[in-house]
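Data block below; observations after.
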Amino acid sequence: MNLDELNERQKEAVLLTKGPLLILAGAGSGKTRVLTTKIAYLIIEKGISPSSILAITFTNKASKEMKERVNLLIGEKTKDIQISTFHSFGYKIVRENYHLLGLEKNFSILDENDSISLIRKVLKKNNLDPKHYNPKGIKQQISGAKNELLNPLAYSRYAKSYWEKEVLKIYKDYQQKLQANNAVDFDDLLMLPVKLFKENPQILDKYQEHYKYILIDEYQDTNEAQYVLTKKISFKYQNICVVGDGDQSIYGWRGANYKNILNFEKDYPKAKVILLEKNYRSTKNILKAANNVIKNNKLRKEKTLITDNEAGSKIKHYLALDEKDETLYVAEVIKRLLETGISLDEIAVLYRTNAQSQVFESSFTVFNIPYKIVGALSFYKRKEIKDLVAYLKLIYNEKDNVNLLRCINTPRRGIGEKTIEDLINKAEKENVSVFEAIDYGKPLEFKKMINQLKEISKTYSLTELVEEVLKKSGLEFNLKNEGTLEANNRLENLYEFKSVTLEFEKREEEISLESFLKEVSLISNSEELKEEDDKVSLMTVHAAKGLEFEVIFIVGLEEGIMPHYSAEEIGELEEERRLFYVAVTRAKKHLYLVSASQRMRFGEIWNNNISPFIKEIGEDYIEGEEGDVFYQEVDYQVGDLIFHEKFGQGIIKEINNDLLTILFSYPYQMKQFMKKHKSIKKIN
DNA sequence: AAGGAAGACTTTTTT
DNA sequence: AGTCTTCCTT
């Protein structure tokens, strides 16, 4: 194998195939290349069987990319390698051993919202007021416990405060409900395998023999459960290679413990450590800015990235009036960049919270800038899709009460609250599932329908099953009848779901309701919006991790947004700084930072200060847009004549603060511009 | 049981 | 500001 394209350190990391290895890889230092090359090297040069390699990533996107890149190196053998996310790997183990974990074969996976609604039910049953016992907060608490591998018993020893003791009660009930539903939640997918291995050493041994070579990406983001899981599997052969960067640890809030990376050498005394500090991605300016920012973190291992790349242009900062102006600025710069030959897919806009995407969506639509939202409110979280999936999940696992309750009266079929309550009570008394408890009236009609669909699911294809569900359930009929714009939209989404199943049937070898539901449950992002699309990417900084773009806009750089107002302790603030660091290091050539001095939040206007992180960059590497055309302040009046580079001559019809409404001649008509927009000039 | 109105809550980030 | 929940009326 030709390793000439790797630098010495990278080569070393690839060649070291035996024993524990920690690769501390700075941003843009080619760690994915190292990982994929290493996998190929193991197979081609070392003759390791692909099936004995386990490569773990955090996101589906990352695992998909790894598969693609390994595939380029070794071709179809790739499919024998276990490349998956932690959760997906956990699912595999649980499925292979369901009987030892108190589950039936067709167990369901409850997503975040399913879990929360289950907690709501537990609260209701215990007569606890959801206003006082915030279901989401309790979910987080339980989730935190599970990530620390605390089952209710262990948690009872740990729980000290009044609040924790209250949570404990709910946790216990919640676990029971899960069991009764023949269901697991996301966290169980990590926790159950560990439980399995603790209780069954011979099974652990089987997995240890199977996966002799283990590679883990983004190791700084592992939580206790993930840490213990991989430690157990790798313990026998100790061929474990982990890659990470403490400076990019941004998942502390979901239990990630970047100390796992610091402790690696303690866990594996024979561990080798390789440092990758050479950056191949960014310009010197961008990299120096990033270094300057991150060095303000006290709780870190010293590391300085260097690059041979050119100095590049300075980072730009623009102070927008408000969130609308922010989008106008970005849109304008994008238009300008396109003229210099940069293409849309080389540009990304990064923000702290999903909610910030909305303004960009509307502006980009107006300005005719094609965009795609990466991650975010996904297709699968839409109401109509969740309804449809609820039917599928119920068909697959009739004990899944959560999904039964979701669809039993959706669309409305005259099964009201009282009826449902009676059914739940009956089920509880008889110790059966709600589905089983149904024996008369309208619910019985529903039950018969589901049973029919069950039969259908045995012989029909997935897509045909979906069609039947849409027909028999009345989902389709009701939306068609409604006829509103929104209903049509929902209907389209349901039809779109058929292309999801079609695509799945084409792609996968093993087509079953089971494998399909697994994928739907674990892929929460509507990720594949066709990568090759030439569009600007909009995403959260979290979603941007691992990606790179020629041009990056980081928007909403205000105190309260980034750093987020919820970050109070020093540790949390440092995580916000790492987040900013991750954002900055996504940029290859051009980096634009934008803050808005005013922003609408929760329907209120907020005045925020500029993010302190911007000052940390250092004056040498950043310049304000003040000197730029964006800051020409001209006194405009209604009736003034304007010249626009594209629309020609126009006249100001209205002035609203900094917004001009200008009437252009045919065929352009009325358009609105910010006063300081560079494309317009006053004609004297 | 359904539909509409008032009211609460949201927006941290993901599997 | 927009969505989701709960309450109230029919």
Side-chain angles (χ1 to χ4, degrees), chain A residues 56-63 84-91 109-117 120 124 129-131 134-137 140 143 146-147 184-191 218 221-223 225-226 249-256 323 350-359 362 374-378 380-383 409-421 441-442 486 518-525 527 539-546 556 560-568 572 575-576 578-580 582-583 599-606:
Chain A
I56 295 186
T57 61
F58 270 78
T59 63
N60 293 301
K61 205 198 293 161
S63 109
S84 57
T85 63
F86 263 111
H87 288 83
S88 173
F89 180 60
Y91 170 79
I109 305 167
L110 298 191
D111 70 16
E112 182 87 24
N113 290 326
D114 294 340
S115 298
I116 290 172
S117 70
R120 275 216 184 83
K124 201 170 177 187
D129 182 4
K131 272 169 199 146
N134 173 271
K136 210 176 156 188
Q140 266 173 22
S143 198
K146 287 187 170 184
N147 286 333
V184 300
D185 64 18
F186 278 152
D187 305 311
D188 287 336
L189 294 177
L190 305 173
M191 191 170 166
E218 309 281 14
D221 287 333
T222 47
N223 62 32
Q226 292 161 333
S249 160
I250 54 176
Y251 285 101
W253 51 274
R254 68 166 196 209
E323 72 272 23
L350 311 184
Y351 36 78
R352 178 66 175 83
T353 68
N354 279 309
Q356 287 167 256
S357 70
Q358 283 173 7
V359 214
S362 55
V374 182
L377 252 190
S378 79
Y380 296 100
K381 280 184 185 151
R382 290 169 197 275
K383 183 188 177 305
N409 201 33
T410 313
R412 302 248 147 95
R413 45 173 79 88
I415 304 176
E417 218 173 306
K418 184 72 175 59
T419 314
I420 289 172
E421 203 175 301
K442 289 203 169 91
E486 199 208 334
K518 177 234 166 184
E519 172 159 306
V520 169
S521 303
L522 293 183
I523 296 187
S524 53
N525 295 346
E527 29 210 87
M539 67 187 107
T540 64
V541 181
H542 283 87
K545 184 146 85 146
I561 305 282
M562 198 145 96
H564 196 262
Y565 69 91
S566 62
E568 287 164 350
E572 290 172 321
E575 179 150 319
E576 294 292 313
R578 290 195 291 272
L579 202 51
F580 182 59
V582 167
R599 180 181 296 278
M600 188 78 99
R601 228 180 128 73
F602 301 124
E604 261 181 293
I605 291 176
W606 292 58

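Reminder, nothing fancy here: chain letters follow the sequence lines and each chain counts from 1.
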Quick one: label K136(A) by what it contacts on the DNA or RNA (base, sugar-phosphate, nothing), any heavy atom closer than 4.0 Å.
sugar-phosphate
Residue pair H564(A) / L579(A), side-chain heavy-atom distance below 4.5 Å
no
Suppose we call a contact any N or O donor and acceptor under 3.5 Å apart; does that hold for the side chain of W253(A) and the base of dT12(B)?
no
Taking the side chain from E604(A) and the backbone from R601(A), do they hold a donor-acceptor pair closer than 3.5 Å?
no
Donor-acceptor contact present, side-chain K146(A) to main-chain F186(A), <3.5 Å
no
Taking N or O atoms only and anything under 3.5 Å, show me the protein contacts with nucleotides 5-8 of chain C, one pair per line.
none

Which whole number of Å gives the distance between the C1' atom of dT5(C) and that of dT12(B)?
23 Å
Report yes if the side chains of W253(A) and E575(A) come closer than 4.5 Å at any heavy-atom pair, otherwise no.
yes
How far apart are the closest heavy atoms of E576(A) and A567(A), and which atoms are they?
CG-CB, 3.6 Å
Please report the distance separating the C1' of dT6(C) from the corresponding atom of dT11(B), rounded so that it comes out in whole Å.
22 Å
Grab the CD-P distance between E519(A) and dT15(B) for me, whole Å please.
13 Å
Distance-minimising heavy-atom pair for A583(A) and V541(A)
CB-CG1, 3.8 Å
Please tell me if the side chains of Y251(A) and H542(A) come closer than 4.5 Å, counting only heavy atoms from C-beta onward.
yes
Protein heavy-atom contacts under 4.0 Å, written 5' to 3' over nucleotides 1-7 of chain B as B (base), S (sugar-phosphate only) or - (none), form the string SSS----
